[in-house]
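Have a look at the structure below, then the notes.
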Amino acid sequence: MDDLHQRRESAALVTHELAFEAAREALVAAASRQSWVFPAVLGRTQEVTNTFSIKSGSSGELTGVKIGSFWSGNPARGLPRHNSTIVLLDQHTGRLGAVVEAGKVNAYRTAAADAVAADLLARKQAKVLAIFGAGNQASFEVMALARIRPIETLLVVARPSPRRDAFVDQIGERGLKARAALPEEAVRTADIVVTATPAREPLFDAAWVGPGTHIVSIGSDAPGKRELPSELFPKARLFCDLLSQSVQIGEFQHVRDEIDAGVLAVTPIGDVIERRALGRRFDNEITVFDSSGISLQDLYMADALIRAKASHR
């Protein structure tokens with residue numbers, strides 16, 4: 001089966017519902033003592049804008065790796081910039097179990113983890129969503145969050161461009177009120193703020209964040225990346241997908257010393273799912289979820305797709 005056919009097959013099988021359940025299982029596994037997530041390997045080619053990452057992990061049920069790539073020149077070839085390939089190994093023999101082409105699936109997987117966290121951390125009546133960035137991931141985030149909260153309005157913070165305008169129009173066609181906004185207005189107005197950018201400096205001022213806001217950072221997935229102001233963290237409750245990765249390549253790498261010293265506490269969202277820790281306690285709490293993206297999410301997504309394919313036969 002060729003690459004294009006595999007991509008189309010996985011894209012046809014994936015749904016926000018499937019991704020949500022798979023992400024939930026993965027985040028529970030990540031917080032258990034029976035799973036391992038190994039340090040991510042970040043690489044690039046001779047062409048410095050072509051980058052890739054290798055994320056690997058193992059749980060009681062699944063073992064494997066995900067290779068994620070970003071090839072900047074692909075649109076000129078009629079291909080997406082982003083792609084992902086998930087390799088599952090047979091738990092008993094270590095031999096190849098399955099290969100899943102997961103370019104589009106990866107976007108669902110990331111958004112699903114953020115939706116799982118938001119379902120535990122965002123206010124139940126959250127209606128206004130702000131998103132920084134109008135790239136590949138943005139629409140998946142919006143639709144995943146709109147499944148679990150009564151989102152009515154989307155504020156898009158991005159540089160003026162045809163891509164941004166097309167994104168606003170696309171969301172409007174899906175029944176939400178969407179418009180471009182400046183950073184301060186978006187953050188002050190929103191119930192949920194999502195940052196999906198390649199930023200290396202904070203995108204907004206901590207003073208703009210009002211009581212009860214839930215904030216999700218997904219762009220910080222490599223050393224040096226940064227989307228949130230560190231001044232926000234002492235007045236918020238902090239959550240992550242996996243702490244060991246979050247302080248290496250995620251948003252909390254910038255406050256690692258404070259976390260190590262116990263000045264700041266960060267809770268794995270899997271502990272909240274399993275009720276070993278509390279999620280949102282009060283309507284006026286500010287909550288932050290660092291979604292650095294872990295290998296177990298990919299493995300559980302691949303397994304869910306394989307089971308979905310078998311059930312369609």
Side-chain angles (χ1 to χ4, degrees), residues 19-38 57-62 109-126 141 144-145 147-149 191-195 206 209-218 220-221 227-228 230-297 299-300:
F20 186 93
E21 293 306 319
R24 192 176 188 278
E25 289 182 55
L27 292 166
V28 168
S32 79
R33 295 183 179 180
Q34 286 74 47
S35 295
W36 296 268
V37 173
F38 304 105
S58 181
S59 72
E61 299 82 27
L62 300 167
R109 156 265 205 201
T110 301
D114 302 335
V116 170
D119 203 25
L120 298 163
L121 302 177
R123 287 180 293 180
K124 295 293 184 186
Q125 68 274 25
E141 294 291 323
L145 291 168
R147 278 189 66 245
I148 54 97
R149 287 296 182 271
D191 301 304
I192 301 174
V193 177
V194 176
T195 56
V209 180
T213 307
H214 174 59
I215 297 170
V216 184
S217 168
I218 67 170
S220 296
D221 59 0
E227 297 184 299
L228 307 184
S230 297
E231 296 81 7
L232 171 66
F233 301 149
K235 61 179 184 178
R237 295 185 63 228
L238 311 180
F239 300 84
C240 67
D241 44 19
L242 184 74
L243 184 57
S244 59
Q245 182 171 288
S246 179
V247 297
Q248 287 283 349
I249 65 173
E251 190 63 41
F252 296 142
Q253 64 183 282
H254 306 290
V255 287
R256 182 171 186 172
D257 289 347
E258 292 91 329
I259 292 169
D260 288 345
V263 175
L264 293 176
V266 182
T267 302
I269 200 67
D271 283 343
V272 181
I273 297 170
E274 292 289 271
R275 299 184 180 180
R276 291 188 293 265
L278 293 174
R280 174 172 291 276
R281 300 170 302 181
F282 316 110
D283 267 1
N284 63 352
E285 283 185 321
I286 296 170
T287 54
V288 175
F289 177 61
D290 180 32
S291 182
S292 61
I294 56 175
S295 57
L296 292 177
Q297 291 168 231
L299 305 188
Y300 280 84

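In what follows, residues are counted from 1 in the order of the sequence shown.
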Can you list the residues that meet the side chain to side chain donor-acceptor pair (under 3.5 Å) rule with Q297, with sequence neighbours excluded?
none
With sequence neighbours left out, write down each residue that passes side chain to side chain contact (heavy atoms under 4.5 Å, CB included) with T213, or none if nothing qualifies.
V193, V209, I215
Partner set under side chain to side chain donor-acceptor pair (under 3.5 Å) for R276, not counting sequence neighbours
D271
Please give me the minimum heavy-atom distance between A206 and K235, naming the atom from each residue.
O-NZ, 3.2 Å
Just jot down the side chain to side chain contact (heavy atoms under 4.5 Å, CB included) partners of I273, sequence neighbours excluded, or say none.
R24, L27, V28, V116, L120
Can you list the residues that meet the side chain to side chain donor-acceptor pair (under 3.5 Å) rule with S244, with sequence neighbours excluded?
none
Give me each pair satisfying ring pair (Phe, Tyr, Trp, His ring centres under 6.0 Å) with a member in residues 237-266, each pair once, sequence neighbours excluded.
F233-F252
Partners passing side chain to side chain contact (heavy atoms under 4.5 Å, CB included) against A19 (at least two apart in sequence or in another chain):
Y108, A112, M301
Tell me every residue that passes ring-ring contact (aromatic ring centres under 6.0 Å, His included) with Y300, counting only those two or more places apart in sequence or in another chain.
none
Has Q245 got a side-chain atom pairing as donor or acceptor with G250's backbone, closer than 3.5 angstrom?
no
Would you be so kind as to tabulate the donor-acceptor pairs closer than 3.5 Å made by side chains of residues 278-285, with sequence neighbours excluded?
residue : atom : partner : partner atom : Å
R280    : NE   : L121    : O            : 2.5
R280    : NH1  : F282    : O            : 2.9
R280    : NH1  : D283    : O            : 3.3
R280    : NH1  : E285    : O            : 2.8
R280    : NH2  : L121    : O            : 3.1
R280    : NH2  : G212    : O            : 3.1
R280    : NH2  : E285    : O            : 3.1
R280    : NH2  : T287    : OG1          : 3.4
R281    : NE   : E285    : OE2          : 2.5
R281    : NH2  : E285    : OE2          : 2.5
D283    : OD2  : Q125    : NE2          : 3.4
E285    : OE1  : R281    : N            : 2.7
E285    : OE1  : F282    : N            : 3.4

Between SG of C240 and CZ of F289, what distance do you get to the nearest 0.5 Å?
7.5 Å
Answer with yes or no whether the side chains of D241 and S246 bring together a donor and an acceptor at under 3.5 Å.
no
Which residues pass the side chain to side chain donor-acceptor pair (under 3.5 Å) test with E141, not counting sequence neighbours?
Q137
I269 side, atom CD1; D290 side, atom CG - distance, nearest 0.5 Å:
11.5 Å
Applying side-chain contact (heavy atoms from CB on, under 4.5 Å), run through S35 and L296 and close with a yes or a no.
CA-CA 9 Å; S35 295; L296 292 177; 4.0 Å; yes
Check for a donor-acceptor pair, side chain of S58 on one end and backbone N or O of V37 on the other, with a separation under 3.5 Å.
no
I'd like a table of donor-acceptor pairs (distance under 3.5 Å, sequence neighbours excluded) in which one partner is a side-chain atom from residues 260-268, with atom names and distances.
none

Excluding sequence neighbours, so at least two apart, what forms side chain to side chain contact (heavy atoms under 4.5 Å, CB included) with A122?
A118, R149, I192, H214
